[in-house]
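Read the structure below first, then the notes.
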Amino acid sequence: MTGYYGTYAHFEALSKKDAAALLGSDNIVGDSFSLSSEIKDGEHITWLINKFDQKVGYLDPAMSKKMSLLQAQGLDCVAILSFVAFTDHPDEGHYWGEVGLICFKPAYSKEFSLFIKNVAKSIGDNVRPQLALSESAADKIIESNGEWMPKQTVPMPKVDKGTAILKRRRSMMDGIVELGRSGNKGCYFVSWAFLLGLVALVIFGLHSCGVF
């Protein structure tokens, strides 16, 4: 196969105010974002668009130009949220993070849809699969109908002093949110009932121990 491209890329939140949505349940680690590229003030800029059609961030000019060129060549490109961070400098600081980028030929959308789903699950479990793959590795994805996954992983980047990683994996609550998104209302309510049951059990235990 020719035409595959994959990597992890830095992105910036739109602003500190807009980062509230990025940190919320509308944007879960492992979520897929679509990409919208344009030229603004003479520079390429690629926006990250979440499932609710909201802009949540943008790639740097060099990667934005790369995405623009790949999309112009007819490739489909998807971003997967890997982590969100905050750095307290310069000035008042900024929110940023990384996404996994996967671009492929539309003719293989069925195979890559499953591959992307598996990559997203791994990233949600705080495991970052290698995405910069050789042509032969990309062929394996197609030959396996999307089941093949690379064994190599990419470590989290080292962060400077003053930087905190705010979200890097899916929590139990994120899993419940995802069930609700998928329309699985039965599992959604069962999960909530399970959590409420745990809370009640803890309260009962504390009461039995004479805490209150």
Side-chain angles (χ1 to χ4, degrees), residues 2-109 112-113 115-117 119-120 123-124 128-133 138 154-160 162-168 170 181:
T2 57
Y4 171 85
Y5 179 80
T7 190
Y8 288 91
H10 177 101
F11 75 90
E12 290 284 337
L14 302 181
S15 68
K16 291 182 71 174
K17 180 181 178 180
D18 292 312
L22 186 61
L23 295 172
S25 59
D26 284 352
N27 302 287
I28 298 172
V29 173
D31 271 0
S32 295
F33 298 151
S34 60
L35 306 178
S36 177
S37 299
E38 62 176 295
I39 296 179
K40 183 178 181 181
D41 299 328
E43 280 193 324
H44 289 270
I45 184 167
T46 295
W47 305 101
L48 303 175
I49 313 294
N50 71 6
K51 297 179 179 181
F52 305 100
D53 203 31
Q54 299 169 329
K55 290 181 180 179
V56 297
Y58 56 92
L59 302 177
D60 63 49
M63 186 55 69
S64 291
K65 183 176 182 180
K66 178 72 174 180
M67 290 299 103
S68 296
L69 291 173
L70 291 174
Q71 290 175 315
Q73 292 169 14
L75 298 187
D76 286 343
C77 297
V78 174
I80 302 170
L81 181 61
S82 176
F83 70 84
V84 180
F86 176 75
T87 298
D88 64 8
H89 56 276
D91 301 323
E92 297 181 356
H94 61 110
Y95 289 89
W96 60 281
E98 280 194 1
V99 289
L101 295 173
I102 299 174
C103 299
F104 55 91
K105 289 183 176 180
Y108 302 113
S109 59
F112 276 93
S113 291
F115 176 70
I116 289 168
K117 181 179 179 180
V119 169
I123 289 177
R128 295 169 19 122
Q130 176 64 263
L131 299 179
L133 304 175
V154 176
M156 289 282 290
K158 294 181 180 180
V159 296
D160 299 328
T163 293
I165 304 296
L166 303 179
K167 56 195 300 187
R168 59 186 292 175
R170 289 197 175 193
R181 286 179 181 175

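FYI, the numbering just counts along the sequence from 1. None of the values given here were measured: they were computed from a predicted structure. Side chains included, hydrogens not; waters and symmetry mates left out as well; all remaining heavy atoms used.
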Nearest 0.5 Å, what's the CG-CD distance between L14 and Q54?
-> 10.0 Å
By side chain to side chain contact (heavy atoms under 4.5 Å, CB included), which residues pair with S64, not counting sequence neighbours?
-> H44, T46, L59
Applying ring pair (Phe, Tyr, Trp, His ring centres under 6.0 Å) to Y8 and not counting sequence neighbours gives none
Can you sort out the partners of H89 under side chain to side chain contact (heavy atoms under 4.5 Å, CB included), two or more places apart, ordered by chain and number?
-> T87
N27 backbone acceptor or donor facing K167 side chain under 3.5 Å = yes
Would a distance-only check, ignoring hydrogens and angles, find a side-chain to backbone donor-acceptor pair under 3.5 Å from R168 to F83?
-> no
Is there a side chain to side chain contact (heavy atoms under 4.5 Å, CB included) between L101 and L35 once you walk through the steps?
-> CA-CA 10 Å; L101 295 173; L35 306 178; 4.2 Å; yes
Using side chain to side chain contact (heavy atoms under 4.5 Å, CB included) as the criterion, list what pairs up with E43, not counting sequence neighbours.
-> P61
Heavy-atom nearest pair, S15 first then D18, reads OG-OD2, 2.8 Å
Provide the closest heavy-atom pair for I102 versus I80 in the form atom of the first, atom of the second, distance.
-> CD1-CD1, 4.1 Å
List the steps, then state whether side chain to side chain contact (heavy atoms under 4.5 Å, CB included) holds for Y5 with M67.
-> CA-CA 10 Å; Y5 179 80; M67 290 299 103; 3.7 Å; yes
At what distance, to the nearest 0.5 angstrom, does CD of Q71 lie from OG of S36?
-> 7.5 Å
Any donor-acceptor N or O pair under 3.5 Å, side chains D160, T163 | no
Could you pull out the closest heavy-atom pair between I123 and P129, with the gap in Å?
-> CG1-CD, 4.0 Å
Between Y58 and W47, how do the two ring planes meet: parallel, tilted or perpendicular, split at 30° and 60°?
-> perpendicular
From L75 CG over to K105 NZ, what is the distance, rounded to the nearest 0.5 angstrom?
-> 8.0 Å
For the residue pair L70 and C77, what are the closest heavy atoms and their distance?
-> CB-SG, 4.3 Å
Can you list the residues that meet the side chain to side chain contact (heavy atoms under 4.5 Å, CB included) rule with A13, with sequence neighbours excluded?
-> A19, L22, Y95
Out of curiosity, M63 CE to H10 NE2, how far, rounded to the nearest 0.5 Å?
-> 11.5 Å
Taking every heavy atom of R128 against every heavy atom of P155, the minimum-distance pair comes out as NH2-O, 3.2 Å
NZ/K16: more than 12 non-hydrogen atoms of other groups inside 6.0 Å = yes
Taken to the nearest 0.5 Å, the spacing of S82 OG from F11 CZ works out to 9.0 Å
Apply side chain to side chain contact (heavy atoms under 4.5 Å, CB included) to N50 and D31, showing your working.
-> CA-CA 8 Å; N50 71 6; D31 271 0; over 6 Å; no
Between I116 and F104, does a side chain to side chain contact (heavy atoms under 4.5 Å, CB included) hold up when you go through it step by step?
-> CA-CA 11 Å; I116 289 168; F104 55 91; 3.7 Å; yes
Closest approach of A138 and F112, non-hydrogen atoms and distance?
-> O-CZ, 4.5 Å
Sequence neighbours excluded, which residues qualify as side-chain hydrogen bond (donor to acceptor under 3.5 Å, both in side chains) partners of Q73?
-> none
